[in-house]
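Whatever order the structure lists ligands and atoms in, that order sets their numbers, starting from 1. All values below come from the heavy atoms of this structure, side chains included, with hydrogens, waters and symmetry mates left out. Keep in mind the model is a prediction, meaning the values are calculated, not measured.
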Amino acid sequence: MIHGVRLVILGRQGAGKGTQCVRLSNHYVVPHISTGDMLRAAVKEGTPLGRVAGEIMNSGGLLSDEIMVGIVRERLDQPDASGRGFILDGFPRTVGQAEALGAILEQPLDLVIDLDVPRELVLERISSRRVCRDCGANYSATKNDPVSRICDRCGGDVVQRDDDTPDAVNKRLDIYDSQTSPLISFYNAQGILAVVNGVGHPDHVLDRLVVAIAAAGRS
Ligand code: AMP
């Protein structure tokens with residue numbers, strides 16, 4: 001039997017968190033909770049949250065800790081996350097959010113993983129990143145690919161994300177360095193941090209992640 005897990009995945013935009021979290025979610029049978037996906041769904045549905053979020057996201061900025069903590073608290077209360085566990089992707093992103101998460105959780109996190117990919121490499125990856133507008137599947141465009149294509153999984157439109165423009169990407173990477181990377185020492189001080197090399201074939205990265213999680217006492 002595979003045990004559930006309670007994980008946070010940190011890493012720069014373009015480090016492969018989305019791809020790996022989907023795989024880990026299937027492996028450990030726990031929900032993948034991506035705050036970016038939740039916000040993009042709200043933007044698409046035109047909810048009041050979506051109207052606030054759209055502009056901030058397109059500029060590469062962050063939503064307030066107060067809004068984000070409220071969204072995540074509600075999501076973690078759902079039965080699927082309060083049972084076997086969860087994989088948090090994109091949250092926490094500031095020390096304030098991490099402190100709030102600690103106060104929300106009834107059981108501690110098993111592990112926080114820093115999926116490590118250098119800035120130069122993620123810039124390259126993001127410029128070729130494409131995503132399905134409907135189901136969120138990730139693709140990587142090569143130079144010869146047509147500008148738009150159809151999703152293999154659901155038949156939706158595969159496009160470049162609105163916030164993957166060079167200006168917004170650089171702003172997001174700067175914010176990651178100033179606001180999110182302090183979480184690496186925050187969780188290291190709690191003894192629950194593992195750094196995993198995110199460079200290489202996605203299958204190999206997944207193997208490394210599973211080994212790190214097993215070493216932390218979960219399998
Ligand atoms: P992501 O898909 O994780 O790169 O998130 C896309 C965008 O959603 C970010 O650039 C932020 O504008 C917003 N966002 C997602 N998660 C958070 C968070 N935890 N705190 C603040 N803003 C967030």
Atom CG of Asn26 with >12 non-hydrogen neighbours under 6.0 angstrom: yes
Ion pair Arg40/Asp37, N-O distance below 4.0 Å: yes
Salt bridge flag under 4.0 Å for residues Asp134 and Arg153: no
Residue shell around ligand 1, heavy atom under 4.0 angstrom: Thr35, Gly36, Leu39, Arg40, Met57, Gly61, Leu62, Leu63, Met68, Gly90, Phe91, Arg93, Gln97, Arg161, Asp163, Arg172
Note: Arg172-Asp164 ion pair, threshold 4.0 Å (strictly below): yes
Heavy atoms from other residues, nucleotides or ligands near CZ of Arg133 exceed 12 (cutoff 6.0 Å): no
Electrostatic pair Arg130:Asp157 at N-O distance under 4.0 angstrom: no
